[in-house]
Amino acid sequence: MKILLAGISAKFIHSCLAVHLLTQYARRQYGIRCSAAEYTINQSEDAILGEIYRQAPELLGFSCYIWNYEIIRRLVRSIKKVLPDTLIFLGGPEVSFDAPAALAETGADFILSGEGEEPFSQLCLALIHGTPLAEVPSLTWKDGGTVRTNPMAKPLDLDKLPFVYEDFSLFENRILYYEAQRGCPFNCQYCLSSTDKGVRFQPLEKVKSELKRFLDAKVPQVKFVDRTFNTSGKFAMEIWRFLAEHDNGVTNFHFEMESDLFTEEQLEFLSTVRPGLFQFEIGVQSANPETLKAVDRRTDFEKLAQVVKRLKAGKNIHLHLDLIAGLPFEDYESFGRSFDTVYRLSPDQLQLGFLKLLKGSGLRRDAAKYGIVCRDEAPYEVLATRELPFSDLLRLKEIEEQVELYYNSGRFRAALGYLVPLAESPFRFFEKLALFRREKGLHLVPHSLLGQYEILCRFGLTLPGCDGEALGFRIRYDLYSHEKAKKLPVWLPGLDGPQIRQARREFFQDPQNIQKFLPEYQGQDPKQVEKTAHLDFFPFHPLTGGPACRCLFNYRRKDLLGQAAAVFLPVENSLPEDGKF
């Protein structure tokens with residue numbers, strides 16, 4: 001029997017862990033011959049349909065999530081027409097919580113609910129050997145004209161969970177997902193993890209052995225899919241210590257964390273790890289106590305602030321903080337206060353997401369109670385709540401776009417550091433920026449990176465107290481922080497006269513300067529160094545506003561945000577008089 005599992009990811013860089021777990025578990029535990037194929041929602045449906053048709057599977061499975069469910073529904077209907085003898089099953093969170101309805105609305109033959117490794121294997125064996133489908137755990141199926149749902153499978157012994165990355169060459173240029181535990185100790189009502197009872201862990205030595213394979217292969221990034229990695233402080237510390245001890249200087253590990261669970265021992269240790277080794281994502285969701293109570297989430301904001309402060313102090317861990325718009329009891333102004341609270345913690349990324357009423361979640365069940373209205377199709381994103389009308393959600397969408405473009409890109413840090421304090425609050429700044437772009441008709445057309453800087457400059461000049469020269473030099477610093485600009489826009493100020501250019505040449509011709517500040521460039525011709533590194537002059541410090549300075553940008557050494565290492569040097573004597581602004 002030819003068996004194929006298809007994963008359809010949101011982007012090419014995302015690997016689909018589920019289809020590989022199921023196929024490799026079936027092979028190793030039962031010797032079942034099956035294969036996995038990966039596609040993305042950005043590919044045409046015709047292309048995916050064509051690939052599946054050419055493989056002509058007798059049993060075809062799809063892993064269903066909110067981002068791919070609509071395309072899978074359409075594909076199932078098409079496959080049934082061109083491969084009428086192919087049996088199709090669906091699994092994953094999008095079909096697990098109302099399997100009979102999913103069976104009816106998709107036209108699939110089977111639904112597998114919950115954890116899929118053992119149920120998938122048992123379904124394959126039943127179809128191969130002709131044994132009763134009634135014996136397949138977690139299966140919803142059609143028995144003649146009757147839809148039947150079998151008892152759920154027992155939770156899998158995670159010692160049997162396979163390591164799916166046998167050939168790393170098959171996953172080049174992709175984020176590799178890894179699962180060390182299943183379940184979550186919390187009961188957040190917007191999340192499907194609230195339906196899990198208890199937390200199960202893979203054996204610690206097994207996890208270490210598998211992580212060592214990532215390290216030995218020097219893969220760029222491994223993302224743990226564990227819902228709350230630091231559920232067990234002892235388990236987390238064992239893993240972190242192991243990764244630090246075997247650090248290869250390349251691989252980055254991403255974890256979802258709970259701020260309240262950090263210990264002093266953990267924070268002390270984390271301050272010592274290599275910059276870029278770890279990346280943390282912490283879900284704040286809201287700073288409104290009534291909102292947090294409604295979704296059964298408890299957050300100690302004083303502890304959160306202290307944890308974030310400690311993690312940022314080491315300048316070695318990339319930190320994401322998340323907010324969700326559309327939660328109960330949070331109106332536009334309340335969300336603005338939540339935004340300001342999180343923004344002032346200065347995370348490396350501030351993710352502004354929008355509530356999705358996931359099947360099986362408490363908020364989907366209680367949507368009428370809170371007046372939450374969402375789209376009928378996946379991903380079931382909120383359209384309005386009792387406190388937040390659609391008009392306000394539209395405004396938040398525009399703000400989210402500006403945050404993503406100007407804050408999360410990391411390319412405008414100096415300019416934002418100057419401009420945001422000129423507004424009443426960070427939230428009001430991004431609100432005004434979004435309104436400016438819409439009123440000027442700038443929101444519907446694409447812009448180059450320089451165009452985005454120009455828009456920010458034009459907007460900044462509308463803020464009370466904004467000094468054009470002060471803003472312009474900060475934008476200049478932001479530009480050079482990421483790459484040596486080949487051409488600068490005419491509206492950007494700069495010190496570029498003959499004496500400045502001569503001072504720059506003399507700096508790069510001095511071997512002591514190269515040895516001290518640019519050791520990566522030693523041995524190169526000074527002219528080549530000047531072409532690939534950059535020394536710029538500022539009439540004030542572009543980050544602090546202090547005295548005039550020189551800034552040396554080293555593009556061969558970058559921080560966690562992709563910014564070139566910058567060394568600030570005093571100006572010798574005074575700035576040349578021929579320096580042009």
Side-chain angles (χ1 to χ4, degrees), residues 64-73 90-108 111 113-114 140 147 149 152 183-197 227-228 283-299 322-339 341-342 351-400:
C64 301
Y65 302 89
I66 55 174
W67 61 81
N68 66 17
Y69 188 51
E70 296 305 321
I71 188 174
I72 287 174
R73 288 173 61 181
L90 306 179
E94 189 54 28
V95 297
S96 289
F97 295 96
D98 192 350
L103 198 68
E105 71 182 13
T106 62
I111 302 293
S113 300
T140 296
V147 174
T149 297
M152 294 293 290
C184 183
F186 300 104
N187 196 40
C188 305
Q189 294 302 291
Y190 49 81
C191 181
L192 290 185
S193 296
S194 64
T195 63
D196 297 331
K197 304 302 179 186
R227 304 317 301 164
T228 306
V284 182
Q285 319 313 4
S286 174
N288 184 326
E290 190 177 13
T291 296
L292 294 175
K293 183 178 180 180
V295 299
D296 203 6
R297 183 175 179 83
R298 305 289 183 269
T299 299
D322 299 339
L323 287 170
I324 297 178
L327 295 173
F329 305 118
E330 184 125 78
D331 61 15
Y332 185 82
E333 295 301 324
S334 169
F335 186 83
R337 291 190 291 273
S338 293
F339 181 93
T341 298
V342 175
Q351 189 69 41
L352 198 171
F354 293 82
L355 176 66
K356 296 168 181 61
L357 289 186
L358 306 179
K359 291 179 179 178
S361 68
L363 279 187
R364 188 180 182 97
R365 179 195 63 224
D366 296 333
K369 173 183 174 182
Y370 295 117
I372 301 174
V373 179
C374 73
R375 296 181 185 275
D376 292 332
E377 299 78 23
Y380 316 112
E381 189 168 284
V382 62
L383 290 171
T385 73
R386 186 174 295 125
E387 293 79 18
L388 199 65
F390 184 62
S391 58
D392 284 344
L393 271 167
L394 284 178
R395 296 164 71 191
L396 291 178
K397 284 280 187 179
E398 292 180 329
I399 291 171
E400 186 265 342

Item to check | Pair Thr106-Tyr69, side-chain contact (heavy atoms from CB on, under 4.5 Å): steps then yes or no | outcome: CA-CA 10 Å; Thr106 62; Tyr69 188 51; 3.3 Å; yes

Item to check | Qualifying salt bridge (charged side-chain N to carboxylate O under 4.0 Å, His left out) pairs, either residue in residues 354-367, two or more places apart | outcome: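 Qualifying pairs: Glu94-Lys359, Glu105-Lys359, Lys356-Glu381.
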
First locate atom [atom1] of [X], then atom [atom2] of [Y], and finally report the distance between them rounded to the nearest 0.5 Å.
X	Y	atom1	atom2	result
Leu388	Leu383	CG	CG	11.0 Å
Ile71	Cys64	CD1	SG	11.5 Å
Thr341	Phe339	OG1	CZ	10.5 Å
Arg298	Phe186	CZ	CZ	11.5 Å
Leu363	Cys188	CG	SG	10.0 Å

Checklist entry - So do the side chains of Pro93 and Tyr65 get within less than 4.5 Å of each other, counting heavy atoms only? => result yes

Item to check | Close side-chain approach of Leu396 and Phe354, heavy atoms under 4.5 Å | outcome: yes

Next on the checklist: So that I can tick it off, tell me whether Arg73 and Glu70 are bridged by a salt bridge, with the cut-off set at under 4.0 angstrom between side-chain N and carboxylate O.
Outcome noted: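 Counted as a salt bridge, because a side-chain N and a carboxylate O are separated by less than 4.0 Å.
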
Heavy-atom closest contact ([X] atom, [Y] atom, distance):
X	Y	answer
Thr149	Pro100	OG1-CG, 4.1 Å
Ile111	Val95	CG2-O, 3.6 Å
Ile372	Leu357	CG2-CD1, 3.8 Å
Cys184	Arg227	CB-CB, 4.1 Å

Item to check | Partners meeting side-chain hydrogen bond (donor to acceptor under 3.5 Å, both in side chains) with Glu398 (sequence neighbours left out) | outcome: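 Partners of Glu398 under the side-chain hydrogen bond (donor to acceptor under 3.5 Å, both in side chains) test: Arg438.
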
Just distance, no hydrogens or angles: give the donor-acceptor pairs under 3.5 Å from side chains in residues 322-338, sequence neighbours left out.
unit_1: Glu330; atom_1: OE1; unit_2: Ser286; atom_2: OG; d: 2.9
unit_1: Glu330; atom_1: OE2; unit_2: Ser286; atom_2: OG; d: 3.4
unit_1: Glu330; atom_1: OE2; unit_2: Ser334; atom_2: OG; d: 2.5
unit_1: Glu330; atom_1: OE2; unit_2: Ser338; atom_2: OG; d: 3.1
unit_1: Asp331; atom_1: OD1; unit_2: Glu333; atom_2: N; d: 3.3
unit_1: Asp331; atom_1: OD1; unit_2: Ser334; atom_2: N; d: 2.7
unit_1: Tyr332; atom_1: OH; unit_2: Arg395; atom_2: NH2; d: 3.3
unit_1: Tyr332; atom_1: OH; unit_2: Glu431; atom_2: OE2; d: 2.6
unit_1: Glu333; atom_1: OE1; unit_2: Arg428; atom_2: NH2; d: 2.4
unit_1: Glu333; atom_1: OE2; unit_2: Arg428; atom_2: NH2; d: 3.0
unit_1: Ser334; atom_1: OG; unit_2: Asn288; atom_2: ND2; d: 2.9
unit_1: Ser338; atom_1: OG; unit_2: Ala287; atom_2: N; d: 2.9
unit_1: Ser338; atom_1: OG; unit_2: Ser334; atom_2: O; d: 3.4

